[in-house]
Amino acid sequence: MDYHTKKLLGLTDKNFQFPENWLESRTINHLTTHFIHARLDYTPKACSKCGIKNEGQIIKNGTHKTKVQLLPLRSVPTFLSLKRTRFLCKECGATFNAKTPLVEENCYISRELKQKIAMDLARNSSRKDIARQYFVSDVTVMRVMKECVKTFKPNWNFLPTVLCFDEFKAMKSCEGKMSFVFMDGQTRKLLGVLESRRLAYLRTYFYHYSRKARLKVKYIVTDMNAPYFELAKDLFPNAQIVTDRFHIIQQITRSLNQLRIQTMNRYQKTDSLKYSRLKRFWKLFLKDSNSLDSSNYRYNRSFKRPMTGKAIVDELLTYDHTLKLAYETCQYLMYYFKQGKSRHFFDLIYSLDNRLPKWFRKKLTFFKKYKKGIKNALSTNYSNGPLEGTNNKIKVIKRVAYGYRNFANLRDRIYLVQGLIFEDVKDNKKKLQLSKAA
Ligand SMILES: [Zn+2]
């Protein structure tokens, strides 16, 4: 076999020798399969068992036949039928096989194939598709995944200044059970996926981190209903809670929307026109009033005349006093929030108009409980935005796999797709290069 062929096949190990008829095609299970025959032989430098330097003590002792699966060639499954020399060490009496960097010891798939599978796993294609593409079993793909994830170990001596906490539903089977995910709020690097969000569980987990690492955490971003501030007290004594801004805005718009629906339903029997308009233009109604269009008039069928977004909302507000009052309150709150004026924001919360329905006021006074967290959200820029992105990715992973039955498998896959493991590998490589340079 000439060098170019070797290069194409990825069999450039100098210790390989190929016979004249090195390629054999067999049909296995109605599938054409390539077999490349090769011989692996060399004189070992030392004994791999006792480590003694070879000065004639190690002799050749027959051969051992192995089969290594390679990357498919032009979509045909390809194997390397490798005859390895067996060595015998006279010093310690041990026997061992000739080795090649092409494949790890006691492994039947080549490193190259393993890497390809790992890369595909990180690209979030389904395990079955990967198995089919490379002519390996699902179990093999899974084993590669486990091996990759094994290289990831949390660094118990490091935590970032900003931590984002969130939860997600991991599996269909255990309904209502939520899993926990946390991330570096500044670099957006995923730090971990935990099976349970129960406080006791989290406490044990985070106690693994050194006290020094925990003291470094300055902010914890979390949504409002989560009880994580309980954790902060003893685990992260230097940390302040930041309420996720998205959830604050959501709480405001949801309250307003609820009042809109209530008003709308009151008109259902008495005034169908008002009813249908309140129903139809809900999106405009919940929008920031500053972003409503007030100049482009377009014919509107419901009003039977040209209207702008702003004009429509203004008209809707004439239908009900309370609704108008609530609308203005919410718009002010959102304005103060976006401008970062926490004093104005809370002044308004503390002086809500008594004409507003009691339940509605309660939804807003609820913010008083999270005053500190909201103030921090207004003064810093940290949010759980990056985590929401991760949560979407998790959803995609689950969908591609048609749901996971095993939490560990899902977690491993999330780590892979998030590049946690490959990032780590890259980091290590960089470190290696640096240390070599030094
Ligand atoms: Zn030996």
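What's counted below: heavy atoms across the whole structure, side chains too, no hydrogens, waters or symmetry copies.
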Q.
Using side-chain heavy atoms (C-beta onward) and a distance below 4.5 Å, is Thr33 in contact with Val76?
A. no
Q: Write down the atom of Glu167, the atom of Met178, and the distance for their closest heavy-atom approach.
A: CG-CE, 4.0 Å
Q: Apply the test side-chain contact (heavy atoms from CB on, under 4.5 Å) to residues Ser81 and Ile36: give CA-CA distance (whole Å), side-chain angles for both, the deciding distance (0.1 Å), then the verdict.
A: CA-CA 6 Å; Ser81 170; Ile36 297 172; over 6 Å; no
Q: Compute both the distance and the angle, then confirm whether Lys371 meets the cation-pi test with Phe346: under 6.0 Å from the six-membered ring centre, within 45 degrees of the axis.
A: yes
Q. Is it true that the side chains of His344 and Asp347 contain a donor and an acceptor less than 3.5 Å apart?
A. no
(Q) Side chains of Asn384 and Phe246, heavy atoms from C-beta outward: is any pair under 4.5 Å? (A) no
Q.
Tell me if a side-chain donor or acceptor on Gln69 pairs with a main-chain N or O of Phe135 at a distance below 3.5 Å.
A. yes
Q.
Looking only at side-chain N and O atoms, does Thr187 offer a donor or acceptor that is under 3.5 Å from a partner on Asp184?
A. yes
Q: Please confirm whether Phe206 and Phe182 have ring centers closer than 6.0 angstrom.
A: yes
Q.
Ignoring hydrogens and geometry beyond distance, is a side-chain donor-acceptor pair present between Arg361 and Asn354 at under 3.5 Å?
A. yes
Q: Answer yes or no: is there a donor N or O on one side and an acceptor on the other, between the side chain of Tyr415 and the main chain of Val193, under 3.5 Å?
A: yes
Q | Any Leu364 side-chain heavy atom under 4.5 Å of Leu352 side chain | A | yes
Q. Taking the six-membered ring where the residue is Trp, are the ring centres of Tyr299 and Phe303 under 6.0 Å apart?
A. no
**Q.** Check against side-chain hydrogen bond (donor to acceptor under 3.5 Å, both in side chains), Gln331 and Tyr336
**A.** CA-CA 9 Å; Gln331 288 295 335; Tyr336 292 143; over 6 Å; no
Q: May I ask you to say whether Arg305 pairs ionically with Glu315, meaning some side-chain N is under 4.0 Å from a carboxylate O?
A: yes
Q | Proximity of Trp156 and Tyr205 rings by center, below 6.0 Å | A | yes
Q.
Quick check on Lys368: does its NZ atom have over 12 non-hydrogen neighbours (other residues, nucleotides or ligands) under 6.0 Å away?
A. yes
Q | Between CG on residue Asn376 and CZ on residue Arg245, distance to nearest 0.5 Å | A | 11.5 Å
Q. So which heavy atom on Ala46 is nearest to which on Phe96, and how close?
A. O-CZ, 4.1 Å
Q) Any side-chain donor paired with an acceptor under 3.5 Å for Tyr134 and Asp120? A) yes
Q: For Phe345 and Gln339, run side-chain contact (heavy atoms from CB on, under 4.5 Å): C-alpha distance rounded to whole Å, both residues' side-chain angles, the deciding distance at 0.1 Å, then the answer.
A: CA-CA 10 Å; Phe345 184 87; Gln339 296 289 318; over 6 Å; no
Q) Short question: side chain of Asp293, backbone of Ser295 - any donor-acceptor pair under 3.5 Å? A) yes
**Q.** Any donor-acceptor pair under 3.5 Å from Thr78 side chain to Leu73 backbone
**A.** yes
(Q) What I'd like to find out is whether the side chain of Met334 reaches to under 4.5 Å of the side chain of Asp288, using heavy atoms alone. (A) no
Q: Enter the distance from Glu105:CD to Thr66:OG1 here, rounded to the nearest 0.5 Å.
A: 11.0 Å
Q | Check ion pair Lys146-Asp412 (N to O, under 4.0 angstrom) | A | yes
Q. How many angstroms lie between atom CG of Asp320 and atom CZ of Arg266, to the nearest 0.5 angstrom?
A. 5.0 Å
Q. With side chains defined as the heavy atoms from C-beta onward, is the minimum distance between Tyr201 and Leu194 less than 4.5 Å?
A. yes
**Q.** Gln251 (side chain) donor-acceptor with Lys363 (main chain) under 3.5 angstrom
**A.** yes
Q. Going by atom types only, do Arg197 and Ser179 share a side-chain donor-acceptor pair under 3.5 Å?
A. no
Q. Which heavy-atom pair separates Thr308 from Asn296 by the least distance, and what is that distance?
A. CG2-O, 3.4 Å
Q) For Asn15, what residues pass the side-chain contact (heavy atoms from CB on, under 4.5 Å) criterion, not counting sequence neighbours? A) Asp13, Leu40, Tyr42
**Q.** Heavy-atom pair with the smallest gap, counting every atom of Ala118 and Cys148
**A.** CB-SG, 3.6 Å
Q: Would you check if the side chain of Arg260 reaches a backbone N or O of Leu278 as a donor-acceptor pair within less than 3.5 Å?
A: yes
Q: Check the pair Leu235, Leu202 against side-chain contact (heavy atoms from CB on, under 4.5 Å), reporting the backbone distance first and the verdict last.
A: CA-CA 10 Å; Leu235 275 169; Leu202 295 181; over 6 Å; no
(Q) Less than 4.0 angstrom from a charged side-chain N to a carboxylate O is my criterion; do Arg203 and Asp234 meet it? (A) yes
Q: Any chance you could lay out the side-chain hydrogen bond (donor to acceptor under 3.5 Å, both in side chains) test for Gln133 and Lys116, step after step, and finish with the verdict?
A: CA-CA 11 Å; Gln133 192 188 344; Lys116 264 278 179 331; over 6 Å; no
Q. So, for Ala213 and Leu159, which heavy atoms are closest and what is the spacing to 0.1 Å?
A. O-CB, 3.6 Å
Q) With ring centroids as reference points, do Phe236 and Tyr228 lie under 6.0 angstrom apart? A) no
**Q.** Verdict with supporting geometry, Leu317 and Phe285, side-chain contact (heavy atoms from CB on, under 4.5 Å)
**A.** CA-CA 9 Å; Leu317 291 177; Phe285 193 76; 3.7 Å; yes
Q | Contacts of type side-chain hydrogen bond (donor to acceptor under 3.5 Å, both in side chains), residue Arg277, not counting sequence neighbours | A | Ser302, Tyr319
Q: Scan side-chain atoms only and decide if Thr140 and Tyr108 contain a donor-acceptor pair under the 3.5 Å cut-off.
A: yes
Q: Quick one: closest heavy-atom pair of Val103 and Cys107, and the distance?
A: CG2-O, 3.4 Å
**Q.** Side chain to side chain, Val217 and Asn238, heavy atoms closer than 4.5 Å
**A.** no
Q.
Rounded at 0.5 Å granularity, tell me how far CD1 in Ile220 sits from CG in Leu231.
A. 7.0 Å
Q | Neighbour count above 12 (heavy atom, 6.0 Å) for His208 NE2 | A | yes
(Q) Surrounding CG of Asn381 (heavy atoms of other residues, nucleotides or ligands, distance under 6.0 Å), is the total greater than 12? (A) no
(Q) I want to check something: taking the side chain as every heavy atom from C-beta on, are Thr253 and Asn257 in contact at a cut-off of under 4.5 Å? (A) no
Q. Got a salt bridge between Glu147 and Lys114, using NZ or NE/NH1/NH2 to carboxylate O under 4.0 Å?
A. yes
